[in-house]
Visitor: 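Pasting a structure here, questions to come.
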Amino acid sequence: MKKVITYGSFDLFHEGHYRLLQRAKALGDYLIVGVTTESYDRQRGKLNVVDSLLTRMENVKKSGFADEVIIEESAGQKFNDIKKYNIDIFTVGSDWVGTFDYLKDYCEVVYLERTKDISSTMLREQNEHIQRMGIIGCGRIANRFMMEIKSVSGINAQGVYNPHKESAERFATKYNTNAYSDIDAFYEEVDCVYIASPHETHYSYIKESLNRGKHVLCEKPMCLSKAQTEEVFDLAKSKGLILFEGIKTAYCPGFDKLLGIAASGHIGAIRNIEACFTKLENKNNRELTDKKYGGSFTELGSYVCLPALKLFGTEYDNLRFDSILDENGIDQFTRATMTFPHGMATITCGLGVKSEGRLLISGTKGYIVAEAPWWKTTYFETHYEDAGRVEKYSEGFLGDGLRYEISDFLYAIHGSDKHTFKLTRSESIVISEIMEKFLEDRK
Ligand code: CTP
């Protein structure tokens with residue numbers, strides 16, 4: 001019996017998929033089809049798959065060609081499956097020519113001609129109007145954002161707004177997009193906005209964007225007071241619009257995995273969290289010259305607060321800050337200590353002091369450690385009393401990682417709430433409250 005195997009996402013099952021499976025089956029007697037899990041798709045940069053794994057597997061079964069449907073969870077699986085299932089022929093569409101030649105040592109590899117003019121990407125884009133995203137601000141993060149948005153299908157950068165015409169034009173030329181210095185013209189041509197302007201301007205831009213009916217993805221820190229953050233979330237709700245705070249760590253697959261392991265009892269009950277993030281910044285940059293809103297905590301505090309709020313919840317008992325200030329009264333280094341009903345957290349961040357940037361989560365049975373840059377989580381370990389027992393976990397993190405929050409934002413715009421737990425309204429509100437207390441203390 002000749003056994004054939006093929007793999008794919010099979011999202012929004014279409015004629016191209018049907019024809020591929022039909023020809024794959026005709027290559028032998030028994031066809032196994034591997035359908036990718038959502039987390040594997042995200043890992044390999046395939047964002048915005050619409051159908052659930054179950055639906056995609058059902059659709060493959062319904063085609064009538066598959067004798068067996070399995071799930072594909074990781075990159076190395078194909079090689080193992082070929083051995084495990086005793087495969088004679090591996091096949092995929094011609095868009096993959098060459099990619100799987102390395103399997104030729106183990107079985108025959110056949111690339112089948114791809115069906116023209118149809119793809120899941122095309123269907124996703126037809127079904128849902130492509131979101132035109134406007135970018136407010138042209139700083140360093142906006143530059144990274146322009147690269148990242150290209151990797152998410154269903155959303156395009158429409159242009160950049162900056163009240164300073166030359167800055168907008170310079171940025172727009174660099175990224176071959178539109179420049180707007182007239183805010184009305186800008187809002188006229190966008191469906192949603194990404195706010196990457198200085199911290200203290202976020203609140204008014206969020207309000208204005210929501211009032212004009214635009215969904216908002218705002219860079220962290222969203223607002224610098226609890227009342228403001230509550231107000232903008234209420235406004236978004238009343239208008240039926242999406243409002244997301246862009247703390248990239250919250251949306252990245254590795255951090256999600258780490259939280260899952262931490263919360264699953266592997267290390268027992270969590271009692272202590274230490275999170276540190278330092279980045280030596282040029283003294284002339286906004287972060288170290290803006291006397292009112294600059295400094296390490298407003299810049300990096302959102303990241304370090306995140307693990308504690310995710311694992312201990314948003315109800316803390318005590319919060320205390322200690323900072324090293326420079327001659328302008330800007331914090332170069334800040335340590336915040338927090339106590340919660342069942343644990344405590346020490347979070348540190350610095351722009352003028354370098355430290356070991358790691359995340360350490362201690363529990364009653366063991367601990368989790370993720371080294372810098374844990375805020376772009378790709379690797380972590382769990383350790384126990386028995387020093388010889390170490391479990392290692394890794395996860396992909398593509399590009400600058402902003403693509404994950406963009407993709408989740410887009411899911412939310414299309415009515416799916418399956419990713420909104422990653423950073424909730426109450427978590428964003430508490431982070432603003434912490435920022436507010438910090439700025440109050442620093443005065
Ligand atoms: N395929 C095909 N003809 C098409 C589309 C897909 O033969 N028009 C094949 C692919 O080459 C692959 C399998 O179907 O072997 C599953 O592809 P998948 O990536 O799930 O489908 P796409 O439509 O290519 O998805 P996307 O647009 O998301 O990349």
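Ligands are counted one by one from 1 in listed order, and the atoms in each one are counted from 1 as well. No hydrogens, no waters, no symmetry mates; every other heavy atom, side chains included, goes into these values.
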Visitor: Would you confirm whether the ring centroid of Phe13 sits within less than 6.0 angstrom of the ring centroid of Tyr18?
Guide: no
Visitor: N/O of Asp11 under 3.5 Å from N/O of ligand 1, yes or no?
Guide: no
Visitor: Show the atoms of ligand 1 that are less than 4.0 angstrom away from any heavy atom in Ser120.
Guide: 21 (O), 22 (P), 23 (O), 25 (O), 26 (P), 27 (O), 28 (O)
Visitor: Starting from atom 12 (C) of ligand 1, what is the nearest protein heavy atom, named by residue and atom, and what distance separates them?
Guide: Gly93 N, 4.0 Å
Visitor: Go through ligand 1 atom by atom and flag the ones less than 4.0 Å from a non-hydrogen atom of Ser9.
Guide: 20 (O)
Visitor: Nearest protein heavy-atom contact for atom 26 (P) of ligand 1: which residue, which atom, what distance?
Guide: Thr121 OG1, 3.3 Å
Visitor: Kindly state whether the ring of Tyr180 and the ring of Phe186 have centres lying under 6.0 angstrom apart.
Guide: yes
Visitor: What's the shortest distance from atom 9 (C) of ligand 1 to any protein heavy atom, and which residue and atom give it?
Guide: Leu20 CD1, 3.8 Å
Visitor: Which is it for Met122 and ligand 1 at heavy atoms under 4.0 Å: side chain, backbone, both or neither?
Guide: neither
Visitor: Run the numbers on Phe312 and Tyr316 for ring pair (Phe, Tyr, Trp, His ring centres under 6.0 Å), then give the verdict.
Guide: CA-CA 8 Å; Phe312 288 140; Tyr316 59 89; over 10 Å; no
Visitor: Looking only at protein heavy atoms, identify the closest one to atom 6 (C) of ligand 1 and say how far it is in Å.
Guide: Arg114 NH1, 3.3 Å
Visitor: So is Lys116 close enough to ligand 1, meaning a heavy atom under 4.0 angstrom away?
Guide: no
Visitor: Pick whichever of His17, His14, Arg23 has a heavy atom sitting closest to atom 16 (C) of ligand 1.
Guide: His17
Visitor: Are the side chains of Glu230 and Ser225 in contact, using a 4.5 Å heavy-atom criterion?
Guide: no
Visitor: Indicate yes or no for a side-chain donor-acceptor contact from Tyr111 to the backbone of Gly98 under 3.5 Å, with no hydrogens or angles considered.
Guide: yes
Visitor: Could you go through Arg425 and Glu427, starting from their C-alpha distance and side-chain angles, then the distance that decides it, and tell me whether this counts as salt bridge (charged side-chain N to carboxylate O under 4.0 Å, His left out)?
Guide: CA-CA 5 Å; Arg425 170 196 157 105; Glu427 285 156 0; over 6 Å; no
Visitor: With ring-ring contact (aromatic ring centres under 6.0 Å, His included) as the test, pick out the partner of Phe244 among Tyr194, Phe233, Tyr251, Tyr411.
Guide: Tyr251
Visitor: Look at atom 20 (O) of ligand 1 and say which protein heavy atom is nearest, naming residue and atom and giving the distance to 0.1 Å.
Guide: Phe10 N, 2.8 Å
Visitor: Taking the ring centre of each residue, are Tyr293 and His199 less than 6.0 Å apart?
Guide: no
Visitor: Evaluating non-hydrogen atoms only, which member of Ile118, Val92, Asp95 is closest to atom 10 (C) of ligand 1?
Guide: Asp95
Visitor: Who's the nearest protein heavy-atom neighbour of atom 19 (O) of ligand 1, and how far?
Guide: Lys46 NZ, 3.0 Å
Visitor: Verify whether the ring centers belonging to Tyr106 and Phe79 lie closer than 6.0 Å.
Guide: yes
Visitor: Please classify the Arg124 to ligand 1 contact at 4.0 Å (heavy-atom distances, strictly less than): side chain, backbone, both or neither.
Guide: side chain
